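The block underneath contains the structure these notes are about, expressed in structure tokens.
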Amino acid sequence: MTSRAVQYARFGGPEVLELVEREDPVPGEGQVRLAVRAAAVNPLDWKLRSGAMASGDAPPEPRVPGFDVAGVVDAVGVGVTDLAVGDEVLGKAVGGAYAEKALASVRTLVRKPAEVSWEVAAAVPVVATTAYRVLALLGLGEGDHTGTTLVVDGAAGGVGVMAVQVAVARGARVIGTAGEAHQDEVRALGATPVVYGEGLAERVRAVAPQGVDRALDTAGKGALRDLVALTGAPERVVTIADYAGAQELGVTFSSGGDPDEETRALADAVARLADGRLRAPTVVTYPLADAGRAQDDNQHRRVAGKLVLLPT
Ligand SMILES: NC(=O)c1ccc[n+]([C@@H]2O[C@H](COP(=O)([O-])OP(=O)(O)OC[C@H]3O[C@@H](n4cnc5c(N)ncnc54)[C@H](OP(=O)(O)O)[C@@H]3O)[C@@H](O)[C@H]2O)c1
């Protein structure tokens, strides 16, 4: 059987993405194949596509972008006992999510509750697992963190929206930065909004005269020095988007975590989405064939929220 997928065989702009008909991927040991219902766009997708993260000059083998996926199990690989054909799941794809059929390792999947839409299900795996991981690194893991003040730089972004809500639910006071247009959105998440950019430290001090305990940089836009100054030490800051700044200042750069830990985090986030303890991210959908436009809109912030591709 064949099905459609978006792929690229050379690095470059969104124009290198093409919609192709390909043989359905075959699930390996411990994997399932999903009939994809929704796949989300993350900044990593267009960073990889651009070649900016490639170590050599060689063009990639034809590669299907995307990690975040939600769909229905339509084939199971050897050794899979926890899931069966027809199960509705979400998680991270192996070998690309921008497709009608995608593979995923069972250990990274969680079941999709009926209360969570396909679009929202696809929108959460990367941002939720990242948010939980970095909060733990900041000492704001599961438990009560009343009395702790956290700054989240980039609070209206995919990761930021999750990190703010989870930290607030754990009792922390959160100060979230966003552009002028997204101040109300950050407030609605339970954080104190401030505008990002030049003069950030002064604006944060004005709303947190008692000081800041921890800071998370989700934006990678040059705020690390301010965040270290606000918290008083580089060990109190984590970034997921500024590798060079982290190296220079002694701040932790976090990327990737323990897969089982991430699956537990995802299950917790999904349970909270299902019963309303977490607000679903704002989702904007595109047809699969418009993956290039969706990536470009995300890269240039033309459209806010999580951008999600629908295969049909
Ligand atoms: N290391 C990891 O494990 C990991 C995991 C996930 C993501 N990431 C990286 O983390 C970054 C954010 O990902 P995302 O999915 O949250 O992206 P996103 O949804 O595109 O959000 C980006 C956010 O950055 C904000 N922003 C823009 N300019 C800013 C500035 N000068 N100062 C502060 N914030 C600014 C935007 O705010 P406004 O909309 O208000 O302008 C927007 O909300 C990306 O670089 C991504 O590659 C890393």
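If you're wondering where the values come from, they're calculated on a predicted model, not measured in any experiment. First listed ligand is number 1; within each ligand, the first listed atom is number 1.
Looking at Ala304 against ligand 1, nothing comes within 4.0 Å, counting heavy atoms. Residue Lys306 does not touch ligand 1, judged by heavy-atom distances below 4.0 Å. Counting heavy atoms closer than 4.0 Å to ligand 1, residue Ala241 contributes side-chain atoms (C-beta onward) but none from N, CA, C or O.
Between the side chains of Thr148 and Arg214, no donor-acceptor pair is found at a separation under 3.5 Å. Side-chain atoms of Lys306 and Asn298 include no donor-acceptor pair closer than 3.5 Å.
Considering backbone and side-chain atoms together, Asn42 places no N or O closer than 3.5 Å to any N or O of ligand 1. Considering backbone and side-chain N/O of Gly179, one or more are found under 3.5 Å from N/O of ligand 1. Considering backbone and side-chain atoms alike, Val159 places an N or O below 3.5 Å from some N or O of ligand 1.
Taken to the nearest 0.5 Å, the CG atom of Leu307 stands 12.0 Å off from the CD atom of Gln299. In this structure, CG on Leu189 lies 11.0 Å from CG on Asp184, to the nearest 0.5 angstrom.
Close approach of ligand 1 to Ala178 (heavy-atom distance below 4.0 Å) involves ligand atoms 40 (O). Against a heavy-atom cut-off of under 4.0 Å, Gly154 is close to the following atoms of ligand 1: 34 (N).
By heavy-atom distance, the residue among Thr239, Asp242, Ile240 lying nearest atom 4 (C) of ligand 1 is Ile240. Between the choices Tyr196, Trp46, Phe67, the shortest heavy-atom distance to atom 26 (N) of ligand 1 belongs to Tyr196. Of the listed options Gly160, Gly158, Ala156, Gly158 places a heavy atom closest to atom 14 (P) of ligand 1.
A salt bridge does not link Asp213 with Arg236: none of the charged nitrogens is closer than 4.0 Å to a carboxylate oxygen. Ion pairing of Arg133 with Asp258 is absent here, as no side-chain N (NZ or NE/NH1/NH2) approaches a carboxylate O to less than 4.0 Å.
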#### Entry: Pair Glu262-Lys92, salt bridge (charged side-chain N to carboxylate O under 4.0 Å, His left out): steps then yes or no
CA-CA 10 Å; Glu262 300 221 321; Lys92 292 187 190 172; 2.8 Å; yes
### Task
Begin from the C-alpha positions of Arg107 and Asp82 and carry the test salt bridge (charged side-chain N to carboxylate O under 4.0 Å, His left out) through to its verdict.
CA-CA 9 Å; Arg107 68 191 291 218; Asp82 296 351; over 6 Å; no
